[in-house]
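Working notes, beginning with the structure itself.
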Amino acid sequence: MTDPRALRLEGVAKRFGDGAGAIQAVAPCDVAIARGTTTALVGPSGCGKSTLLRMIAGLEAPTDGGILFGGETPDTLRRRAGLAMAFQDAALLPWLRLRGNVALGRKLARRVPDAAADDALIRLVGLAGFERRRPAELSGGMRQRAAIARALAGDPDLLLLDEPFGAVDELTRERLNAELAPLWDARGTTTLLVTHSVIEAVRLSDRVLVFSPRPARVVADIAVPLARPRHSSAALADLCEAVRAALRG
Amino acid sequence: MIRMPRVVVWAALLLGWEVFARLTADGFVIAAPTEIAQYVWRNTGLLWRATGVTGWVALQGFVWGNLAGVMLALAAVLIPRAERGLLTLALLAFCLPLVATGPILRVLYGPGQGPQVTLAALSVVYTTFLSVLVGLRAVPQSWLDLARSYGRGPVTLLALVRLPAALPYLVAGLQIAAPAAFLGAMVGEFTGAERGLGVLTVRALRGLDLPATWAVALLAAALSMAAFAGIGALGRRLSLAPPEILLAAPDDARGRAGASIQGIAAVAVALAVWQGAMDAFDLPRFFARRPGDVWDYLVTAPEAGAHRANLLAALGETLTVALPGYGAGLLLGAGLAALLTLAPPLAALVLPVSVALRSIPIIATAPLIVWALGRGAAGSITVVAVMIFFPTLVACLHGLARAPRPLMDLFDSYDAGPLRRLWGVQLPAMLPAFFASARMAVPAAILAVTTAEWLATGRGIGALMATVASTSDYAMLWSAIAVIGLAALATHAGVAALERAVLRRTSPEQLAG
C-alpha cells in the first residue's frame, strides 16, 4: 500500500514511565489503513489499543515512531478539526442539553452552526424526541449514541471510536451497526473502531486488526470482504471464528 | 408523635428562653427575648443605620474579595507555573490576623471605610479562590480530551468547558463568602470605626449591656443566614446542582525535600509581596515596617532578646488556648457527624440546622461565650472550638454521605452492621472532607482566638496586639503579624503533610498528580 492519503503508523510505540518501572503499552507497530475504510481494533482488555487510538488522535505522543494521515501529523489534523473522537464515557457536558452537546461538535470544529443537520444526526442515532434532555436524564447507551452524533457533527475525515457501543443494548446496537456503517461509507470517512465485540468488529469493518495482550502488537490482520448490509451468514460466522482464534493466540 | 403547629413550637421555645433567662439573670449571660425586643424597639433607628453601614462595607468587600479570588483562580489555571505562588498569596491573605491588620490599615487609609472593606475582602479571597480553582479543575479528563481532539487551546477550554463546570462551585464559594465578608467587616469595625454593628458590639461589651450584645449578635447572625440562603436560592434558580463537596486536594508534593522547598518558596513569596507592597506605595517606615525592620527588632537590635521573650510568651499563651480549641472543634465535629450517620433520621434533621449555623459569624457571639464561660482559658477554647465545629460537622456529614454505594451494599450484603460499615466504608470516605476542613480551620482558629483575646480575655498575642496598636508600637505589631502568619503557614503545611500521608493510603485518587 503506497497510497499517500492513507493513515500510516510507522514503528509507533508507547512506553509509560522510565527505568525499571517502565510499562511498554504499545510495541513498535507498523500499519497502513486505506482512506475511506473502516477498521476494527480488537484485543484483550488493557492491551493498549485505546492508547494506540489516543496516539492517532494526537492526545498522547508516541515514544517512538510516527503517525501520518494523508501526509498530516495528528497535531496538524487536530488543529484543522480533521478528526473526531467518541469517548468510552461519552464525555457529554452535563449542563448542555442533547442538542447543545451535538452542536458542540460543530462548534469545536469551527464549522458553521447547522441546527437542521444536528437534528438529522440526532434522528440517525435514534434520539429524536430527546433533544431537550440533559445527559443525566439519558441512559448510558443513549449518551454514547449522543457522543457519536457529536463526533459526526464536525464532519471529520478521520473518525475514532473508543468502544462507542459498550453501554448500548443489544438490539439498538445491531440497528446502529446497520445504519452507521453506510453513513461513514458514504461520507468517505476513515473510521477506526476499538471494540470488544467480535461480531460487531466483523459486521462494521472492512478489516479487523487483532492485538496481543500488552504490549499491543498486531497478531492478525483479517480482511472482511463481505457486501453490506451484512446479515448473519456462514461467511460472517467463519470470519468471526477466525478473529476469535487469533484472539486466543 | 403529635404534630404541633409551628407557631406553637416557636412560642414554646421563646417562652422557655424567657423563663431560663429570667431564672439565670444573676449569671448575666443570657438576655431574655423581651429584653432584646425592648432594646430593638427603642433603638430601631440606630440598629437600622448600623446595619446599613456594615452591610454596605461587607458588600463592597464581598465584591472586591470575590473578584480577586476568581481572578487568582483563573490565573492559576491559565498559568500553571504560577499556581504555587498564587496559592500561597491567597492563603497568606487568609492567615493574616485580621485584628492586627485592622489598626495598620486604619493608619494607611486614614478615616473612612477603607480598612473594614479591605478586611472583609481579605476574609473571602482564599475560600472563593479555592472553590473556583477546584471547580475549574473538577473536569473529567475526557472533557479536556474532547476539546483537545479538535485542536482547541486553553482559552476555548476555559470558555466552553471549565467556566460552566466551575459555576456551581462559584455559587458554593459565594455562599461561604457572604458570612465571611460580614465577619470581616465587623472585625474591621472592632478595630476602630465610627459606625456599624461591630462598633455597637464593642460599645455594648464595654457597657456590659447584655440585651444590646445579644441583639447585635442575633441581627448579624440573621443577616448572614439570609445572605447564605439567598445565594443558595439563586444557585437553585439557575438550576446549578450544588457540588457534592468543596474539596481542594493537596497536590502530592514530591517527597520531603519537595515539601520543604515549597515551604521556603512560600515564605519568600510572602516576604517579597510584603516588601514590594510597602515600597510600591512608598509608605512611611514609621508604621509601614518592612521585613528587615522586623528582623532587626527581633534578632539584631540590642533589646531584641526582650522583644522576642515578650512576643513568644504571648504566642505561647495563645497557643495553649488555640490548639486545644482547634483539636476539640475538629474532633467534636467529625465525631458528631459519625454518630449522626448511625442515626440517619437524626442526621437529616441536623444537617440543615448545621448548614444554617455555619453561616453565623461566630465572632459576633464570641463575647457572649467568653461572658458565659469567664475570661479564663475555657471561654477562649470554646470560642475557637465553636468556630471550627460547624464547618467541620457539615463537611464531614457530606463526606460520610459520599461513601460509595456499591461498597455500602457489599457490607450490607454480609449484614456487617452499621458500626463496621462506618469503620470500613464511611470513615475512609469522610477523610478527604475532614482534612480539607482541618486545613481551612487553621486560619479560622487564629481569627477566633485573637479576636477573643482582643475583645474579651486580655491575654495572649491578641491582647498584645491590642496594646501595641493603641500605643503605636508598630515594630511589635508587625512582628506579631509576621509570627502569626508564619505559625499559620507552618500549621497549615503540617496539616497538609499529614493529610497527604493519610490520603495516600486511603484515597489516592484525591491527590492531584
Side-chain angles (χ1 to χ4, degrees), chain A residues 17 50-51 53-61 72-97 100-101 103-111 134-137 143-144 146-147 150-151 153-156 158-164, chain B residues 77 131-132 134-174 232 234-246 252 254-255 402 404-406 504 508-509 511 513:
Chain A
S50 287
T51 306
L53 206 65
R54 291 173 59 82
M55 287 195 287
I56 297 170
L59 294 175
E60 206 103 50
E72 288 177 295
T73 63
D75 278 336
T76 40
L77 191 63
R78 216 151 48 92
R79 256 173 241 134
R80 68 166 182 86
L83 68 83
M85 185 159 175
F87 297 87
Q88 219 170 337
D89 74 348
L92 302 180
L93 300 184
W95 55 86
L96 294 179
R97 298 176 194 283
N101 265 298
L104 183 68
R106 212 175 291 278
K107 193 169 180 179
L108 282 171
R110 299 188 185 82
R111 309 259 192 265
R134 292 188 198 273
E137 300 162 328
R143 286 201 280 266
Q144 286 188 320
R150 179 177 63 195
D155 208 3
L158 180 60
L159 179 64
L160 305 169
L161 306 172
D162 192 358
E163 293 184 37
Chain B
V77 168
S131 308
V132 176
V134 170
L136 290 171
R137 288 243 202 77
V139 171
Q141 182 61 38
S142 60
W143 300 1
L144 305 180
D145 284 345
L146 174 71
R148 278 179 62 210
S149 72
Y150 287 98
R152 305 305 295 260
V155 178
T156 309
L157 198 62
L158 193 67
L160 288 182
V161 179
R162 287 196 197 271
L163 278 180
L167 261 187
Y169 290 81
L170 175 65
V171 170
L174 293 182
L234 186 74
R236 281 191 296 280
R237 187 75 189 271
L238 297 171
S239 75
L240 299 168
E244 285 181 326
I245 200 157
L246 282 177
D252 199 2
R254 269 70 43 191
R402 263 166 50 109
R405 193 68 245 169
R504 203 170 289 142
E509 80 284 352
L511 296 171

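The sequence lines fix the lettering, A, B, ..., with proteins before strands; numbering per chain opens at 1.
The candidate from A:Gly105, A:Ala86, A:Pro74 with the greatest count of non-hydrogen atom pairs under 4.5 Å with chain B is A:Gly105. Ranking A:Pro94, A:Ala147, A:Gly58 against chain B, the residue ahead of the rest is A:Pro94, based on heavy-atom pairs under 4.5 Å. In terms of heavy-atom pairs under 4.5 angstrom with chain B, the leader among A:Ala90, A:Ala57, A:Ala109 is A:Ala109. Counting heavy-atom pairs closer than 4.5 Å to chain A, the top-ranked of the candidates B:Thr156, B:Leu160, B:Val139, B:Leu144 is B:Leu160. When B:Ala147, B:Gly153, B:Ser149 are compared by the number of non-hydrogen pairs under 4.5 Å with chain A, B:Ser149 comes out ahead.
Counting only heavy atoms from C-beta outward, the side chains of B:Pro168 and A:Trp95 never approach each other to under 4.5 Å.
Both the backbone and the side chain of A:Arg110 have a heavy atom closer than 4.5 Å to some heavy atom of chain B. Heavy atoms closer than 4.5 Å to chain B are found nowhere in A:Leu96, neither backbone nor side chain.
The CG atom of B:Asp145 lies 4.0 Å from the CZ atom of A:Arg54; values are rounded to the nearest 0.5 Å. Interatomic distance, A:Arg106 CZ to B:Tyr150 OH, rounded to the nearest 0.5 Å: 10.0 Å. Here the CG-CZ distance, from A:Asp75 to B:Arg148, works out to 8.5 Å after rounding to the nearest 0.5 Å.
Contact detail for B:Ser142 and A:Asp89: the closest heavy-atom pair is OG-OD2, 2.9 Å.
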